[in-house]
Amino acid sequence: MGDSADVVVIGAGVAGLTAARDIARTGATVAVLEARDRVGGRTLTRELGGGLVDLGGQWVGPKQRHVLKLADGLGLQRFPQHHQGTKVLELRGERRTYQGKVPSLPLLSLVDLQRIIWKLDGLAKRVPREQPAAALKAVEWDALTVEDWKQRHVPTWGARAALDIATRAVFAAEPSELSFLSFLSYVHSNGGLMPLTEIEGGAQAERFVDGAQSLSRRLAEGLPQGRVVLSAPVKALLQDARGVTATTEDGRTFRARYAVVATPPALAERIDFGADLPPGRRRAHADIPMGSVIKVVATYATPFWREAGLSGEAVSDAGPVRLCFDDCGPHGHHPALVGFFLGDTARAWTGRPEEDIHRAALADFARFFGPQALSPVAIAALDWKQEAFSTGCYVGLPRPGTLTAIGDALRAPFGRVHWAGTETAIEGCGYLDGAVESGERAATEVAARLTAPDAG
């Protein structure tokens, strides 16, 4: 490939490869440097028990226009997420079941929960998608955590429990660690709180037949051969009047006119950008840590939960597995369940032997769906906190006070360096849709500069 290109892209996930594809389409040359030995970033599709499973991001929804357009253009087939049947809800040590979208809660809690959903959606609309710090109450909201707001505004225990469950499920974090302003910004970016939590019509509506990592694989295949360099962690990205120089940990250098950094802010902190990196961007790198999640997938000989009239969905306020879905392949083949250890629970289990994680997950599956869950065909777990080039999932989460401190630093170019990644997205932030949107935006920014007089 050589050591020079018009643009160097750091990160071969969906965002970085989308940017690389769009830039290459203008006729410019691109080099993509990826720290891992694979493409895909926070998506990872593996064979397990005779079929494909996703150990990273996996869902898309009907309103996620950027990723759906990309997937259609790449010829990737999708299938609907199964959700028919009775759902399981565990609260305060009691197992409940319900159907439809309304959880099994006391009447006052249900009324309170609906009021809170309307309230949160209304507040979220007051947060500008392009600039959350410009909201009228940005400073006040950014000083609060979701837990702070909940304690002040949610009186019933059932509605509080539901908000806790939703926060963990959507952010892989505890309400006590998430800025309320960032919570509202995320909700607005994704069209409301309910679309984030629902299957039918929501963010969990569909999956990819070939797994979500197929997005990145197809994008990489579409680039000229040799343009994606794997196992190349970048330790420095320095710029001068004529261009940028990316230096990998093994000493290789790549020279380009411009760069796109398509990593989570927490990983960009590892890169030396020079002494003049703006304070807002430095703060973003330091104070937007990743969520905490361990994902477990178990495959079975039969979808016994479906046969018992259960949907495979479960949420719990106890036990390691806080969230569970049916994970069967298309048309119910390759029966599987997927469970998530989230927030504090994920951190409590991180670093534990994989066999212990397997046993704990299967015990929870059995409590949700019956003793047949204890006998899988195969099982796999991935602790994203232990992934060196992720340090967590699903997304970077601004600490209280961060969004108002950094202003527009998440997307504002730094000299010749542009930024991508789902954390920088205006639409679909935190999802594959946001990754695609951010890559398209960064490519548009760079393409405009490539065709303009080179002012640096």
Under 3.5 Å, which donor-acceptor pairs do the side chains of residues 385-397 form with other protein atoms, sequence neighbours left out?
residue, atom, partner, partner atom, Å
Ser390, OG, Arg36, NH2, 2.2
Tyr394, OH, Ala169, O, 3.0

Just checking, is any N or O donor in the side chain of [X] or [Y] under 3.5 Å from an acceptor N or O on the other one?
{"X": "Asp54", "Y": "Thr45", "answer": "yes"}
{"X": "Asp164", "Y": "Thr167", "answer": "no"}
{"X": "Thr345", "Y": "Arg322", "answer": "yes"}

Task: Inter- and intrachain pairs under side chain to side chain donor-acceptor pair (under 3.5 Å), touching residues 178-203, at least two apart - done: Asp142-Ser179
Task: side chain to side chain donor-acceptor pair (under 3.5 Å) contacts touching residues 273-293 (sequence neighbours left out) - done: Arg281-His285, Arg283-Asp287, Asp287-Arg399, Ser292-Arg347
TODO: Take Ile23 and Val260, measure what side-chain contact (heavy atoms from CB on, under 4.5 Å) needs, and give me the verdict at the end.
DONE: CA-CA 10 Å; Ile23 292 167; Val260 174; 4.3 Å; yes
- [ ] Taking all heavy atoms of Pro398 and all of Ile288, pick out the closest pair and write down the distance.
- [x] N-CG2, 3.8 Å
Task: Closest approach of Arg227 to Ser4 (non-hydrogen atoms, all atoms of both residues) - done: NH1-O, 4.2 Å
Open item on the list: Counting only heavy atoms from other residues, nucleotides and ligands, does the tally under 6.0 Å from CZ of Arg38 exceed 12?
Closed with: yes
Open item on the list: More than 12 heavy atoms of other residues, nucleotides or ligands under 6.0 Å from CD of Gln114: yes or no?
Closed with: yes
Minimum side-chain heavy-atom gap [X]-[Y] below 4.5 Å:
{"X": "Leu432", "Y": "Thr43", "value": "yes"}
{"X": "Leu163", "Y": "Pro175", "value": "no"}
{"X": "Val321", "Y": "Phe341", "value": "yes"}
{"X": "Phe325", "Y": "His82", "value": "no"}
{"X": "Leu17", "Y": "Val228", "value": "yes"}
{"X": "Leu120", "Y": "Val187", "value": "no"}
{"X": "Val39", "Y": "Leu219", "value": "no"}
{"X": "Leu48", "Y": "Val297", "value": "yes"}

Under a 4.0 Å N-O cut-off, is there an ion pair linking [X] with [Y]?
{"X": "Asp72", "Y": "Arg78", "result": "yes"}
{"X": "Arg207", "Y": "Asp327", "result": "yes"}
{"X": "Lys150", "Y": "Glu174", "result": "no"}
{"X": "Glu427", "Y": "Arg65", "result": "yes"}

Please set out all donor-acceptor pairs under 3.5 angstrom arising from side-chain atoms of residues 439-446, sequence neighbours excluded.
residue, atom, partner, partner atom, Å
Glu440, OE1, His66, ND1, 3.2
Arg441, NH1, Trp419, O, 3.2
Arg441, NH1, Glu445, OE2, 3.1
Arg441, NH2, Trp419, O, 2.8
Arg441, NH2, Thr424, OG1, 2.9
Thr444, OG1, Glu440, O, 3.0
Glu445, OE1, His418, ND1, 2.8

Task: For Pro353, all residues meeting side-chain contact (heavy atoms from CB on, under 4.5 Å), sequence neighbours excluded - done: Glu355, Asp356
TODO: Determine, stepwise, if the pair Phe79 / Phe208 fulfils ring-ring contact (aromatic ring centres under 6.0 Å, His included).
DONE: CA-CA 6 Å; Phe79 67 99; Phe208 292 99; 9.1 Å; no
Task: Those residues that, when tested against Asp408, pass salt bridge (Lys or Arg N to Asp or Glu O under 4.0 Å) (two or more places apart) - done: none
Open item on the list: Would Arg152 and Trp149 count as a cation-pi pair here, with the cationic atom under 6.0 angstrom from the ring centre and within 45° of the axis?
Closed with: no
Task: Gln204 side chain vs Gln58 backbone, donor-acceptor pair below 3.5 Å - done: no
Open item on the list: Tell me if the centroids of the rings in Tyr431 and Trp59 come within less than 6.0 Å of each other.
Closed with: no
